[in-house]
Every structure is written in structure tokens, then in C-alpha cells.
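Heavy-atom basis, side chains included; hydrogens, waters and symmetry copies ignored.
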Amino acid sequence: MAKRALHATEDAPWVRWTVLGLVCLFIGLMLVLPLTSVFVEAWRKGFDPFLEAISEPDALSAIKLTLITAAITVPFNAVFGVCAAWAVAKHNFRGKALLITLIDLPFSVSPVVAGLIYVLVFGLQGWFGPWLIDHDIHIVYALPGIVLATIFVTFPFVARELIPLMQAQGTDEEEAAVSMGASGLKTFWRVTAPNIRWGLLYGVLLCNARAMGEFGAVSVVSGKIRGETDTMPLHVEILYNEYNFVGAFSVAALLCLLALATLVLKGLLEVIQPEVSGRAVR
Amino acid sequence: MVTLAPEAPLLPAPRRSVLRRRSAVPGFGLTLGLTVTILSLVVLIPLAAVVIQSAKLSPAEFARAAFSERAVHAYLLSFGTSFIAAVINGVFGVLTAWALVRYNFIGKTLLNGLVDLPFALPTAVAGISLATLYSPNGWVGQLLTPLGIKAAYNPTGIVIALTFIGLPFVVRTLEPVLRDLAADVEEASASLGANRLQTIVRVVLPALGPAWLTGFALAFARGVGEYGSVIFIAGNRPFVSEIAPLLITIQLQQFELPAASSIAVVMLGVSFVMLLVINAIQAWSRRMG
């Protein structure tokens, strides 16, 4: 029985199989099973109850609120991200490292604390609470609070994606454009924007997934008024706590589809531009 | 005189040059101004509110609110379960990263995509799904019950949820390091007479150390603040399975703003320390690399 000699960086077959087996077991138990179970629970009683659950008025209102929140949050953070990346990556100034750390800060803050801070500023007992009541302006337990909390938790996504990308690209092309007489805005649109579009899309994609799925921060500021201030993830919680499992898992299945679409698009972007991958972590 | 910067002033502006080295790229003042303004309004000032709110309390009152017996239990539970979950992810993260970088197998692309699922899946969805799976009647729970293992509505459930949430961190921080690890180091080790196990333990694992620690710290930090995926599976009994972020929301529902703020300040302090630790590990790993 002739055995092929192993290369120095190769593992013995039994090691390979053991490692792969353990990885499949772990990923299966922790990721595949939870994902599958959402769809199984949603369709447990057939497809019609699922459709009913996602088309009842409260569910529709939750879907609408989630879409509105993302439609405000994502462009806001995209503009901020481009702005911050332009200042940080294309210029040198003192306190740059500190600024980057501060932009990253929301990732280290618990979502619940992120919600709490807006209650403290705009809530009934908060800094502006009495003034807001006098002027009949609703921020906490209304759309503006939900949007603010979502902006906070998704704040760094686009900026942290663009800063390393734009730093790596340097300033040569922009300097050339400016020296030939292009205005700042024109330089951005014609020179920088084409270079960063995939990275920007990548950041927007991750930002959107988190914006639509945010639970902790939004649950603190929303007040969870059915049909008014509950977003899709909050609606999942309400239905689950009412033991309406088909309803809860039906809305959850929609969110799963969002997550899966995000992962597929993300994979495609990593094929188009390999250097964008991996920065989501850090 | 040739200048590449047409907007360079004729007279030097010493004040600005102290702040920065001039770049020919325009828009510095505008973009930096906007960045700092938005950052202050959205992040810094609201964060200051929580510190100011808790500062209204006397030190004794603060200590009573932030370090009540119930709160201390909650911190210890959050830290303990996050630590165990990060260790689990530390072990399986190395194996997963190893498989993704070193092996070719059917379904590798799928596995690679799945690893990021916890980043993309809303935490509440993960929460109800894990709670249903691991509850005594669930797919996994009913297999564990005869063995006498209770995996939901207790701290074990919290560890399961935090393992899910922290899963991508170790894998994704290890992958690039593992990929860059030159094969010749392992070949040298083998040609010097080391067997495969010695090469792995003495050569490969030490090189992965800093990245592994970074991933571990990121997973731990994420776990300490995590809320959505935990509350469904935790059972949420005070002194037993009540995590610190949940205690904040409970205090808030009872309109105990100072108490909620005090616990939040402790949590912020922990986040801040974790941020410093992670930055220190990364600085160390850059020196190592």
C-alpha cells in the first residue's frame, strides 16, 4: 500500500476529517439549525397562515416603519461616512487617531445604553423633555427617537469601511485633478467617487442590515405602541411574548430573507473587489 | 516656483499649519467640521448625558444604584457568560478559520458566507430561534433533556446566545493572519525535525496569538453589551439569569432614571476599558508582525 508522503504544511487525513467534522457540527448547531428553524416554524401550519401573519395591519405597519427608518438612517450615515473618510483619509491633522476612535465608539456601546442616552436627552425627565412637551414635539416613543437610536448603532459602518480604502488609494489622483483646475466637488464626483463606489456599497449594505434589524436600542426608545412605533424586530418580540409563534416566526422569516440577501450581495461585492472584505469585523 | 496647490495662500497661515500639514486636496475644513459636528450631536453629547445624569447622585447613592446586589449579580453574569462564550468561539474559531484557509472542500463558499450570518441576522430573530431550539421541547432541547442538561432559561442559554453572536469575530480576525503565514516557516520547522503537532503548537499557534486575542476580546466585548439575542433564551430571573443590559431596561421601565444611568455608566466604563485593551493588543500585534 503506497502512501503519498504528506507535504510539510499538510495535515494527516484523520486530522482534516476531525477538524471539518467539528466545524460542521459547530456551524450546524449554532448557525444552520437556527436559520432553518425560523422558516420551519413560520411555515409549520402551511403557507397561508404565514402570508396572513405578514399581511395583517400591525405587521404591515411594522414593515413600513422599518423601511422608513432605514430610508432615513442609511443615507444619513452614508453621507456622514463619506464626509468623515474624506477628512480623515485625505488630510493630515492632529487628533486624527482620536477622531477615528470616537467614530468607532458606538460599536463598543451596548445597544441598550445607546437607547437610554436618547431617553435621557429627549425623554419626559430628560434635558429637553419639558420644552418638547410645551411645543408638542415627540422624539422619544416616536419616529425621531427610533431614527436617532438607529443612526447611533449604525454610525461607524460606512466610515470604517471607507477610511482604510481611501487611505490606501492616497491623494495623488485628487491632487492631479485639483492642479488641473477641477473644483473640489468635481474632483470628488469624477475622481474619488468611482474609486470608492464598491466600498461605499459594502458599507451601506452592512449599515442597512443592522438598521433594519436593530432591536436593543430601538426597544428602549420606541415605547412599542402596536401599529405605531413597533419596528419589525420589535413586532417579532411582541408576537413571541403573546405566544403567537407562527406570527413571530413569519415576521422573523422576512428578516431572515433580508439577512440572506445581505450575505449574498456581500459575497458578490467581495468577488468584485476583494480588498473590501474582512473589514466588517474591525 | 512650481506649486501643486493652486489654493495655497500667498501668506503663510501659521495657525492652520500647526493643526495640520497642508494637503492639496480641498474640502478639509468643510468635511472635518461636518464630521465633528454630527459626531458631537449624535454620539458625544448624548453619551455625556448619561454621565451627567448619574453625577446628580451622591457617590453613596451612585454606589447603591450601580453596585446593588442585583446589579453586581448581573455584571458577573454578563462577564462570566461572555467569557465562556468567547472561549468556545476561541476554540471553534481557530478550527473554522483553519478549515477555511487550509482545506478545500465542497461547500466552502457556503460555509464562508454563513460565518457572517450573526452580523446580518437581527438579534431578536436569533433570540427567538435559539430559545425555541434549545427549550425542553425544541429540536435540540429534547435531545438534551434526557441527558439532564437544561440549555434554555438559565445561564447556559445565555452562553449559547452569546456564542452565536460572537462567532464571526475570532474567525474573521484569524483568517487574514493565517493566510499571510508563510508556508516556509512550517516547512523549515518540519525540515528541522519537528513533527506536525510540534510545528502547530510551537510555530503556528504562537504566530496566531495576537490576532486570536483580538478576536477573543471583540467577541467578549460584544457579548457583555448584547441584549436582543439573550433575553428570549435567558429566562431573566433576578440574581440567576438577568444580564446587565436587561437590568437597565427594567430600571428604565420603573422610571428609575438615575439607577438606569448608574448601571449604564458602569457598562460604558467596561466598554471603554475593552476598547483600550483591544487597541493595546492590536498595537502589540503590529509590533510582533
B/Leu192 CG: over 12 foreign heavy atoms closer than 6.0 Å: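 Yes, CG of B/Leu192 has more than 12 neighbouring heavy atoms, counting only those of other groups under 6.0 Å.
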What part of [X] gets closer than 4.5 Å to chain B, counting heavy atoms only: side chain, backbone, both or neither?
| X | result |
| --- | --- |
| A/Val40 | side chain |
| A/Phe76 | side chain |
| A/Leu33 | both |
| A/Leu29 | both |
| A/Val79 | neither |
| A/Pro111 | both |
| A/Ser37 | both |

Chain A contact via B/Phe164 - which portion, at a heavy-atom distance below 4.5 Å: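 Both backbone and side chain.
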Which atoms of B/Leu268 approach chain A - backbone, side chain, both or neither, heavy atom under 4.5 Å: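 Contact with chain A involves the side chain of B/Leu268 alone.
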Quick one: does [X]'s side chain get under 4.5 Å of [Y]'s, heavy atoms only?
| X | Y | answer |
| --- | --- | --- |
| B/Thr31 | A/Phe188 | no |
| B/Val42 | A/Phe80 | no |
| B/Trp98 | A/Val23 | no |
| A/Ile27 | B/Leu167 | yes |

Supply the atom-to-atom distance [X] [atom1] to [Y] [atom2], rounded to the nearest 0.5 angstrom.
| X | Y | atom1 | atom2 | value |
| --- | --- | --- | --- | --- |
| B/Leu32 | A/Phe93 | CG | CZ | 5.0 Å |
| A/Phe26 | B/Asn89 | CZ | CG | 4.5 Å |
| A/Leu31 | B/Leu121 | CG | CG | 9.5 Å |
| A/Met30 | B/Leu117 | CE | CG | 10.5 Å |
| B/Asp116 | A/Thr262 | CG | OG1 | 11.0 Å |
| A/Ile117 | B/Gln53 | CD1 | CD | 13.0 Å |

Residue, of [options], that accumulates the most heavy atom pairs under 4.5 Å with chain B:
| options | value |
| --- | --- |
| A/Phe245, A/Phe215, A/Phe122 | A/Phe215 |
| A/Gly267, A/Ala252, A/Ala159, A/Pro106 | A/Ala252 |
| A/Glu174, A/Gln125, A/Met212 | A/Gln125 |
| A/Pro34, A/Gly216, A/Ala176 | A/Pro34 |
| A/Val236, A/Leu116, A/Val220 | A/Leu116 |
| A/Val119, A/Val121, A/Leu255 | A/Leu255 |

How close do [X] and [Y] get, heavy atom to heavy atom, and via which atoms?
| X | Y | value |
| --- | --- | --- |
| A/Ala84 | B/Thr35 | CA-OG1, 3.3 Å |
| B/Gly225 | A/Ser110 | O-OG, 2.7 Å |
| B/Asn104 | A/Arg16 | O-NH2, 3.4 Å |
| B/Pro26 | A/Trp86 | O-NE1, 2.9 Å |
| B/Tyr227 | A/Ser219 | CE2-OG, 3.8 Å |
| B/Gly113 | A/Leu263 | O-CD1, 3.6 Å |

Residue pair B/Leu39, A/Phe155: steps toward the side-chain contact (heavy atoms from CB on, under 4.5 Å) verdict: CA-CA 9 Å; B/Leu39 182 70; A/Phe155 199 64; 3.4 Å; yes
Contacts of A/Glu214 that satisfy side-chain hydrogen bond (donor to acceptor under 3.5 Å, both in side chains) - sequence neighbours left out: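 Applying side-chain hydrogen bond (donor to acceptor under 3.5 Å, both in side chains) to A/Glu214 gives A/Arg210.
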Pair B/Leu252-A/Val112, side-chain contact (heavy atoms from CB on, under 4.5 Å): steps then yes or no: CA-CA 10 Å; B/Leu252 199 59; A/Val112 170; over 6 Å; no
